[in-house]
Amino acid sequence: MALRLWASSAANALKLSGTAGACGASAAAPAFALSISRFFSTVHDGLKYTQSHEWVKTADGVATVGITDHAQDHLGEVVFVELPEPGTTVSAGASFGNVESVKATSDVNSPISGEVVEVNSKLSETPGLINTSPYEDGWMIKVKPSSPGEADVLLDAAKYTKHCEEEDAH
């Protein structure tokens, strides 16, 4: 089940302000102007997350890695993705590639150490999959972990949600 993550605190995400007297409303019954400054990002239970906004899902001895919905939202439209070749060794916390968007180019860090066994070749033709489906079709690499249990120290959905809320509040 997906949790809904406020991209910023609830007070900042939905700016409700009473405007008494606006639109003919009386002071006793103020009209409200609704301004949504941020949309929501999706965080999935069952995945592990890094503070640098990558996710990992381990199943059957292989870890699938990508960037979070929160990260792609901040990047904007992804236009290019650079990924390693299968057989490349990646290290936890180290860059394995980058994502170029209309706003910026950002390194993508591996949440775990191991050998890349597969890359998402669809991203070379359709990098926007990271925007439209960051947890499914927009995955980036699959890694055979060299240190089983390494992902256990990463953030769960609730802790990642809190991290994003705190980060966006600053």
Side-chain angles (χ1 to χ4, degrees), residues 1-9 12-14 35-60 62-145 151 154-170:
M1 178 174 150
L3 298 173
R4 296 311 260 170
L5 165 70
W6 290 100
S8 59
S9 69
N12 289 331
L14 294 174
S35 170
I36 300 176
S37 61
R38 305 283 308 191
F39 291 101
F40 304 106
S41 296
T42 303
V43 175
H44 289 273
D45 285 329
L47 301 180
K48 291 292 193 165
Y49 300 89
T50 66
Q51 290 186 352
S52 57
H53 306 289
E54 292 85 17
W55 60 266
V56 62
K57 177 182 181 183
T58 304
D60 300 324
V62 175
T64 303
V65 176
I67 65 169
T68 66
D69 190 36
H70 184 81
Q72 72 77 25
D73 182 53
H74 282 273
L75 283 170
E77 180 185 354
V78 175
V79 296
F80 180 77
V81 179
E82 182 180 81
L83 298 174
E85 294 293 323
T88 302
T89 299
V90 294
S91 299
S95 175
F96 67 79
N98 63 59
V99 175
E100 184 178 328
S101 74
V102 295
K103 293 181 181 178
T105 299
S106 297
D107 286 339
V108 182
N109 299 323
S110 183
I112 60 167
S113 301
E115 179 185 343
V116 176
V117 295
E118 186 178 350
V119 298
N120 188 347
S121 60
K122 292 179 184 177
L123 296 179
S124 63
E125 293 286 323
T126 316
L129 289 172
I130 290 174
N131 297 112
T132 59
S133 183
Y135 300 113
E136 288 85 24
D137 297 332
W139 64 272
M140 300 177 89
I141 61 173
K142 293 189 179 186
V143 176
K144 181 179 179 185
L154 299 174
L155 305 173
D156 62 19
K159 288 179 182 171
Y160 179 68
T161 298
K162 184 176 183 195
H163 167 71
C164 291
E165 289 171 345
E166 289 171 352
E167 184 178 78
D168 284 348
H170 298 301

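Position 1 is the first residue of the sequence, and the numbers go up from there. No experiment lies behind these values; they were computed from the predicted model shown. Computed from heavy atoms alone, side chains included, the values below leave out hydrogens, waters and symmetry copies.
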- Task: Show your working on side chain to side chain donor-acceptor pair (under 3.5 Å) between E167 and H74 and close with a plain yes or no.
- Result: CA-CA 12 Å; E167 184 178 78; H74 282 273; 5.7 Å; no
Under 3.5 Å donor-acceptor, [X] side chain and [Y] backbone:
{"X": "D69", "Y": "V43", "result": "no"}
{"X": "E100", "Y": "F80", "result": "no"}
{"X": "N120", "Y": "D137", "result": "yes"}

- Carefully, step by step, assess Y135 and T68 under the rule side chain to side chain contact (heavy atoms under 4.5 Å, CB included). CA-CA 7 Å; Y135 300 113; T68 66; 3.6 Å; yes
Over all atoms of both residues, closest heavy-atom pair of [X] and [Y]:
{"X": "E54", "Y": "D107", "value": "OE2-O, 4.5 Å"}
{"X": "G76", "Y": "N131", "value": "O-ND2, 2.9 Å"}
{"X": "S121", "Y": "S124", "value": "O-OG, 2.8 Å"}
{"X": "P145", "Y": "I112", "value": "CG-CD1, 4.0 Å"}

Any side-chain heavy-atom pair from [X] and [Y] closer than 4.5 angstrom?
{"X": "C164", "Y": "H53", "result": "yes"}
{"X": "N109", "Y": "T50", "result": "no"}
{"X": "F96", "Y": "V116", "result": "no"}

- With S113, which residues qualify under side-chain hydrogen bond (donor to acceptor under 3.5 Å, both in side chains), at least two apart?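 Partners of S113 by the side-chain hydrogen bond (donor to acceptor under 3.5 Å, both in side chains) criterion, ordered by chain and then number, come out as E150.
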Enumerate donor-acceptor pairs with a distance under 3.5 Å from any side-chain N or O in residues 81-90 to protein atoms, sequence neighbours excluded.
unit_1: E82; atom_1: OE1; unit_2: N98; atom_2: ND2; d: 3.1
unit_1: T88; atom_1: OG1; unit_2: E85; atom_2: O; d: 2.7

- Verdict with supporting geometry, K103 and L75, side chain to side chain contact (heavy atoms under 4.5 Å, CB included): CA-CA 6 Å; K103 293 181 181 178; L75 283 170; 6.0 Å; no
- Not counting sequence neighbours, which residues clear side chain to side chain contact (heavy atoms under 4.5 Å, CB included) with E136? List them please. H44, S133
- Item | Residues that K159 engages under side chain to side chain contact (heavy atoms under 4.5 Å, CB included), provided they are two or more places apart |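 Side chain to side chain contact (heavy atoms under 4.5 Å, CB included) check on K159 returns L155, D156.
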- Query: ring pair (Phe, Tyr, Trp, His ring centres under 6.0 Å) with W139: which residues, sequence neighbours excluded?
  - Reply: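 Not a single residue meets the ring pair (Phe, Tyr, Trp, His ring centres under 6.0 Å) criterion with W139.
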- Taking the six-membered ring for Trp, are Y49 and Y160 parallel (under 30°), tilted (30 to 60°) or perpendicular (over 60°)?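 Correct class here is parallel.
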- With rounding to the nearest 0.5 Å, note down the distance linking CD in Q72 to CD in E77.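 Going from CD on Q72 over to CD on E77, the span is 11.0 Å.
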- Calculate, to the nearest 0.5 Å, the distance between atoms NZ and CD belonging to K144 and E118 respectively.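 Rounded to the nearest 0.5 Å, the NZ-CD separation comes to 14.5 Å.
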- Passes side chain to side chain contact (heavy atoms under 4.5 Å, CB included), M140 versus I130? Steps please. CA-CA 8 Å; M140 300 177 89; I130 290 174; 4.2 Å; yes
- Message: Restricting to salt bridge (Lys or Arg N to Asp or Glu O under 4.0 Å), what partner residues turn up for E125, sequence neighbours left out?
- Response: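 With sequence neighbours excluded, E125 shows a salt bridge (Lys or Arg N to Asp or Glu O under 4.0 Å) to no residue whatsoever.
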